[in-house]
Amino acid sequence: MKKILYIMIGCISLGVGIINVILPILPTVPFVLLAAFCFAKSSERLDGWFKNTKLYEENNIKSGMTKRAKLHIMCSVTLLMSIGFIMMGLKGIVVGNIVLLIVWIFHMVYFTFGVKTV
């Protein structure tokens, strides 16, 4: 029963990750990592298949990311966070803007210096 649940969650996460590759709505990496985790817990065969896919290889942070992938993630996150920043600014929510700004700064620093560029 647990394996079936992991496979279902992994497939859904993989589907959302693939959609985010095509339409940059959300970052792809968290969904790919969730799919990798679920597939690793469900079966060795499914885990091996997934680790050999192009999607996994392109988003594998341990080995690094291409400059294009890093820029894609940084730009899409900046765009989405800007919308939230502007909306909260129009409503006068200062604390929310400060928190969002801090999260954005840490995101930029992490992807610039923490993730190896290949």
Side-chain angles (χ1 to χ4, degrees):
M1 185 69 171
K2 229 187 222 187
K3 287 184 177 189
I4 294 171
L5 184 63
Y6 278 126
I7 290 172
M8 287 173 41
I9 293 171
C11 289
I12 291 169
S13 179
L14 180 61
V16 172
I18 290 170
I19 289 170
N20 288 323
V21 167
I22 298 166
L23 302 170
I25 298 168
L26 297 171
T28 304
V29 174
F31 295 103
V32 172
L33 291 175
L34 178 61
F37 173 79
C38 290
F39 290 153
K41 291 284 188 179
S42 64
S43 76
E44 290 180 24
R45 184 173 162 205
L46 196 53
D47 183 44
W49 166 79
F50 182 65
K51 287 184 177 176
N52 289 322
T53 62
K54 187 177 177 184
L55 180 67
Y56 180 81
E57 291 174 5
E58 287 178 358
N59 292 291
N60 187 0
I61 293 180
K62 288 182 182 178
S63 65
M65 296 177 78
T66 63
K67 192 180 287 189
R68 182 175 182 245
K70 284 171 81 170
L71 285 172
H72 184 262
I73 289 171
M74 292 168 76
C75 289
S76 62
V77 167
T78 299
L79 176 67
L80 289 171
M81 291 181 106
S82 297
I83 294 168
F85 191 84
I86 291 168
M87 297 298 283
M88 283 191 287
L90 292 173
K91 296 284 185 180
I93 306 171
V94 177
V95 175
N97 275 343
I98 292 170
V99 170
L100 203 55
L101 181 63
I102 291 170
V103 169
W104 180 79
I105 289 170
F106 279 113
H107 181 269
M108 291 298 133
V109 169
Y110 174 73
F111 274 93
T112 303
F113 301 111
V115 178
K116 183 177 134 187
T117 304
V118 292

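Residues: numbered from 1 along the sequence shown.
Annotation for Ile4: atom CD1 does not count as buried by contact number, only 12 or fewer foreign heavy atoms lying within 6.0 Å.
No continuous path of hydrophobic side-chain contacts links Phe37 to Ile18 [ILVMFWY only; heavy atoms under 4.5 Å]. The hydrophobic cluster containing Leu100 also contains Tyr110, counting ILVMFWY residues as joined when their side-chain heavy atoms lie under 4.5 angstrom apart, directly or transitively. Note on Ile19 and Leu34: separate hydrophobic clusters, where clusters join Ile, Leu, Val, Met, Phe, Trp and Tyr whose side-chain heavy atoms are under 4.5 Å apart, directly or indirectly. When hydrophobic clusters are built by joining Ile, Leu, Val, Met, Phe, Trp and Tyr residues whose side-chain heavy atoms come closer than 4.5 Å, directly or via intermediates, Phe111 is grouped together with Ile105.
Minimum heavy-atom separation, Ala35 to Gly10: CB-O, 3.6 Å.
Asn97 contributes atom CG, which lies 11.0 Å from atom CD1 of Ile102 (distance to the nearest 0.5 angstrom). Between the CD1 atom of Ile12 and the CD1 atom of Ile7 there is a distance of 12.0 Å, given to the nearest 0.5 Å. A distance of 12.0 Å separates CD1 of Ile98 from CD1 of Ile93, quoted to the nearest 0.5 Å.
Without hydrogens or angle criteria, Thr112 side chain to Met108 main chain gives a donor-acceptor distance under 3.5 Å.
Legend: residues meeting side chain to side chain contact (heavy atoms under 4.5 Å, CB included) with Leu71, ordered by chain and number and at least two apart, are Lys67.
Each of Met8, Lys3, Lys2 was compared with Tyr6 under the side chain to side chain contact (heavy atoms under 4.5 Å, CB included) criterion, and only Lys2 meets it.
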Please output the side-chain donor-acceptor pairs of residues 76-89 that fall under 3.5 Å, not counting sequence neighbours, one pair per line with the distance.
unit_1 : atom_1 : unit_2 : atom_2 : d
Ser76  : OG     : His72  : O      : 3.1
Ser76  : OG     : Ile73  : O      : 3.1
Thr78  : OG1    : Met74  : O      : 2.7
Thr78  : OG1    : Trp104 : NE1    : 2.9
Ser82  : OG     : Thr78  : O      : 2.6

Table please: side-chain donor-acceptor pairs of residues 38-46 below 3.5 Å, with sequence neighbours left out.
unit_1 : atom_1 : unit_2 : atom_2 : d
Ser42  : OG     : Cys38  : O      : 3.3
Ser42  : OG     : Phe39  : O      : 3.0
Ser43  : OG     : Leu46  : N      : 3.1

